[in-house]
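A quick write-up on the structure given underneath.
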Number of protein chains: 2
Amino acid sequence: MNPVPPNQNQNNTAASGTASPAASPASATGSSPTFSPLYQQIKALITQSLQSGEWKPGELIPSEVELANRFKVSQGTVRKAIDELAAENLVMRRQGKGTFVSTHHEARAHFRFLRLMPDEGVPHYPESKIIEVKRIRAPADVARLLDLKTGDALIFIKRVQSFDGVPTIVEELWLPGQTFKGLTAERLMEYKGPMYGLFESEFGTRMIRAAEKIRAVCADGAAAELLGIAEGTPLLCAERVSFTYGDKPVELRRGLYLTAHHHYQNELN
Amino acid sequence: MNPVPPNQNQNNTAASGTASPAASPASATGSSPTFSPLYQQIKALITQSLQSGEWKPGELIPSEVELANRFKVSQGTVRKAIDELAAENLVMRRQGKGTFVSTHHEARAHFRFLRLMPDEGVPHYPESKIIEVKRIRAPADVARLLDLKTGDALIFIKRVQSFDGVPTIVEELWLPGQTFKGLTAERLMEYKGPMYGLFESEFGTRMIRAAEKIRAVCADGAAAELLGIAEGTPLLCAERVSFTYGDKPVELRRGLYLTAHHHYQNELN
DNA sequence: AAGTGGTCTAGACCACTTT
DNA sequence: AAGTGGTCTAGACCACTTC
């Protein structure tokens, strides 16, 4: 959209002695600025293009050289910007091929948000069974977490996920009606694969980060019946808020995990 | 220890036309090598110095320029090596001051491994009460996780941690006797602050990474009594294996967390 | 052969900290 | 003023992929 160079808060003119001696980057050099490095500005511009859909999930973005020309900066500066985007899993670099927009339609991405692993054997993605889909008004607590107003339109989803036919997860989701307009039970039921893939493809909303709070709880009657276990069985309760570009919360999810033969895997670095 | 340059798998001679035309980096250029980039080799050398204690936790390491001279590479290469070490929390960079070896004696580091947060209010570090310390022989399962042999010497520790006087965590630890020779109940009880600080200062063993498996369980009689709760109360069970340099496992820990007024916090990126 | 990301270098200047 | 990490540039070459 904007091929012009971002404001230059450093005197890049340097070079030979021919440079005008009084380039005067003066004016506001210390008053209010909050300057950010060039590569951060480039990163923000690239992120904008990702968010706007200029480059769609799975697609190739322009090469480093091309972006350097577009933004009128050196390749090294573009590289540093993309390095950070890759570290945040917004893009993926592949030597010799290029840089691709990340997508949830990839085996690699499936376990980035689902951390429940079998105690033994290789992990694989569970089957999903939709229990309920309905339109509701946002209760105060949900509204607060999703940065909405109490009473705003929400879509509520309840489902059960099974590994090898064994029901293991009961999940409830609250989605802003505004963002997921047109989401139906039919569409959810016929869709195979991670829900985030559907959100990405059909609603243009990509989850890029999430925060979870985990507790131990007792199975209530409803959960016990859905999971085929005794009431009172201890379950792991994971409450997740997911964010899309701009740190905008767009999903609240409460999952109850049966951890008899699975565990929540976490790496502390 | 080794100020000589690492093997150079790239022809760095370049420069002007005076370079000998037949530098012949030939020989094994494609047979078995598993070459690694220069900055990875530098990173490994720096890590060795960290592990050997040449620079101790909290101390300043040599400047980038100094390291570049020592290793006979450019500052940029040292920088990339240190960037990765900083990303792994092995060192901390501070503009204008230098690069410091990370330490567990820092408020900043306290919540890197303890992820239990109060549902409301600001997080603070719990008080610890040692229940039991004894020497045992490694059971098969513990030995396997710690990369030891069944029957090897272990130190077993049991403690309770409280927030504002409320018992919230029951924890059991298994430590290799070899690594933590001389660890006594007295030393543990008189020590204030995170146990990893003690391990780092007194035993030269720094935890740099950990893997946790989390489940929901019911409180048994022992845990219930220590936490002052009813038997059968759901608890979060976190089993952690911690690693020091070289990905060597040096601690097994099983914590039972009361999540009535706290939760396990996790960020998914 | 051409294009991409990955590595390495050398030099300049900036921002911050200490002397 | 001097030293440190932080940013930016320009150019070279390497490793990998595709044509």
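Chain letters run A, B, ... following the sequence lines, proteins first, then strands; residues in each count from 1. For clarity, every value in this text was computed on a predicted model and none was experimentally measured.
A salt bridge does not link B:Lys213 to B:Glu239: none of the charged side-chain nitrogens sits closer than 4.0 Å to a carboxylate oxygen.
When rounded to the nearest whole Å, the span between CD of B:Gln75 and P of C:dC13 equals 15 Å. Rounded to whole Å, the distance from CZ on A:Arg94 to C1' on C:dG6 is 16 Å. C:dT17 atom C1' lies 15 Å from atom CD of B:Glu64, rounded to whole Å. Across the protein-nucleic acid pair, A:Asn69 atom CG and D:dA10 atom P stand 11 Å apart, rounded to whole Å. Look at OH on B:Tyr39: it is 12 Å from C1' on C:dG5, rounded to the nearest Å. A:Phe35 places its CZ atom 16 Å from the C1' atom of D:dC8, with the value rounded to the nearest Å. We find that CG of A:Leu38 is positioned 12 Å from C1' of C:dC14, with the value rounded to whole Å. Note: CG (B:Leu60) to P (C:dC16) measures 19 Å, nearest angstrom.
A 3.5 Å limit on both hydrogen-bonding distances identifies C:dA1 as the Watson-Crick or G-U partner of D:dT18. Taking a pair to require two hydrogen-bonding distances under 3.5 Å in either a Watson-Crick or a G-U wobble arrangement, D:dT7 pairs with C:dA12.
A donor-acceptor contact closer than 3.5 angstrom is absent between the side chains of B:Asn269 and A:Asn89. In this structure, a donor-acceptor pair under 3.5 Å is present between the side chains of A:His263 and A:Asp119. Side-chain contact annotation: A:Asp83 with A:Tyr39, donor-acceptor N/O pair under 3.5 Å absent. Side-chain contact, A:Tyr196 with A:Thr205: no donor N or O sits under 3.5 Å from an acceptor N or O.
For the pair B:Ser63 and D:dT4, the criterion of a side-chain N or O lying under 4.0 Å from OP1 or OP2 is met. Between C:dG5 and A:Thr99, a contact under 4.0 Å exists linking OP1 or OP2 to a side-chain N or O.
Counting any heavy atom pair closer than 4.0 Å across all strands shown, B:Arg79 reaches a base atom.
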Expected rows: protein N/O vs nucleotides 17-19 of chain D N/O, under 3.5 Å:
| residue | atom | partner | partner atom | Å |
| --- | --- | --- | --- | --- |
| D:dT18 | OP1 | A:Lys97 | NZ | 3.4 |

Self-check item: Full working for salt bridge (Lys or Arg N to Asp or Glu O under 4.0 Å) between A:Glu202 and A:Arg187
Solution: CA-CA 10 Å; A:Glu202 307 286 318; A:Arg187 193 71 195 82; 3.2 Å; yes
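Annotation for A:Ile208 and A:Arg112: closest pair O-NH1, 4.1 Å, computed over non-hydrogen atoms.
Across residues 80-93 of chain A, A:Lys80 each have a non-hydrogen atom less than 4.0 Å from an atom of DNA chain D (numbered order).
Looking at heavy atoms from C-beta onward, A:Phe199 lies in side-chain contact with A:Leu183 at the 4.5 angstrom threshold. Looking at A:Arg206 and A:Ser102, their side chains come closer than 4.5 Å, going by heavy atoms from C-beta outward.
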